[in-house]
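Read the structure below first, then the notes.
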Amino acid sequence: MDKVMRMSSEKGVVIFTKSSCCLCYAVQILFRDLRVQPTIHEIENDPDCREIEKALLRLGCSTAVPAVFVGGKLVGSTNEVMSLHLSGSLVPLIKPYQSLLY
């Protein structure tokens, strides 16, 4: 759990993913379209992959990946991110991390 909390606080927007996950890819593209360059952690490349998955589920993710953190706080998985986006609540949340040059 400590490793996940440390990794999720490294940058403004952090996404835990797996390269084989199509929903992970969709979430990454959404953030890029919103001019945010998220830090991506592909957990299958980490020797602690299983422990990271368990920690993300314990933190409240409905699925282990994608797991999105903004400002070090868990936003959630695909459903939560898309719900925030559709309601207009995602952009204000990520505004501090948007790039004008992106």
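Atom set for the values below is all heavy atoms of this structure, side chains included, hydrogens, waters and symmetry mates excluded.
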Report task. Output the distance between atom OG (Ser62) and atom CD (Glu80), rounded to the nearest 0.5 Å. Result -> 4.5 Å
**Report entry** Distance (rounded to the nearest 0.5 Å) between Cys61 SG and Leu74 CG
**Finding:** 4.5 Å
**Report entry** Side-chain touch Leu59/Phe69, heavy atoms, less than 4.5 angstrom
**Finding:** yes
Report task. Could you tell me the separation between the CZ atom of Arg32 and the CD atom of Gln37, rounded to the nearest 0.5 Å? Result -> 5.0 Å
Query raised in the report: Would you find more than 12 non-hydrogen atoms of other residues, nucleotides or ligands less than 6.0 Å from Asp2 atom CG?
Result: no
Query - Euclidean distance, Leu30 CG relative to Ile94 CD1, rounded to 0.5 Å - result: 7.0 Å
Query - Ile15 vs Cys24 side-chain heavy atoms within contact, under 4.5 Å - result: no
Requested in this report: Give a yes or no on this: more than 12 heavy atoms of other residues, nucleotides or ligands lie within 6.0 Å of atom NZ of Lys95.
Outcome: no
Query - Residues Lys54 and Glu51 bridged, charged N to O under 4.0 Å - result: no
Query raised in the report: Any sub-3.5 Å donor-acceptor pair from Glu53's side-chain atoms to Arg50's backbone N or O?
Result: no
Query raised in the report: Between the main-chain N or O of Ala67 and the side-chain N or O of Ser77, is there a donor-acceptor pair closer than 3.5 Å?
Result: no
Query - Between CD on residue Glu44 and CZ on residue Phe16, distance to nearest 0.5 Å - result: 13.0 Å
Query raised in the report: If you group Ile, Leu, Val, Met, Phe, Trp and Tyr by side-chain heavy-atom gaps below 4.5 Å, do Val68 and Leu57 land in one group?
Result: no
Query raised in the report: Between Met7 and Thr39, is any pair of side-chain heavy atoms under 4.5 Å apart?
Result: no
**Report entry** Tyr25-Leu23 co-clustered via ILVMFWY side chain contacts under 4.5 Å
**Finding:** no
Requested in this report: Taking all heavy atoms of Leu56 and all of Ala64, pick out the closest pair and write down the distance.
Outcome: CD1-O, 3.2 Å
Requested in this report: Check whether any side-chain heavy atom of Lys3 sits under 4.5 Å from a side-chain heavy atom of Asp46, and report yes or no.
Outcome: yes
**Report entry** Nearest non-hydrogen partners of Pro66 and Val27, listed with the distance
**Finding:** CG-CG2, 3.9 Å
Query raised in the report: For Arg6, does its backbone N or O pair with a side-chain atom of Ser9 as donor and acceptor, under 3.5 Å?
Result: no
Query raised in the report: Is the shortest heavy-atom distance from the side chain of Leu34 to the side chain of Tyr97 under 4.5 Å?
Result: no
Report summary line: What one should report as the nearest heavy-atom pair of Leu84 and Ser87 is O-OG, 3.1 Å
Query - From OG (Ser19) to CG (Asn45), nearest 0.5 Å - result: 6.5 Å
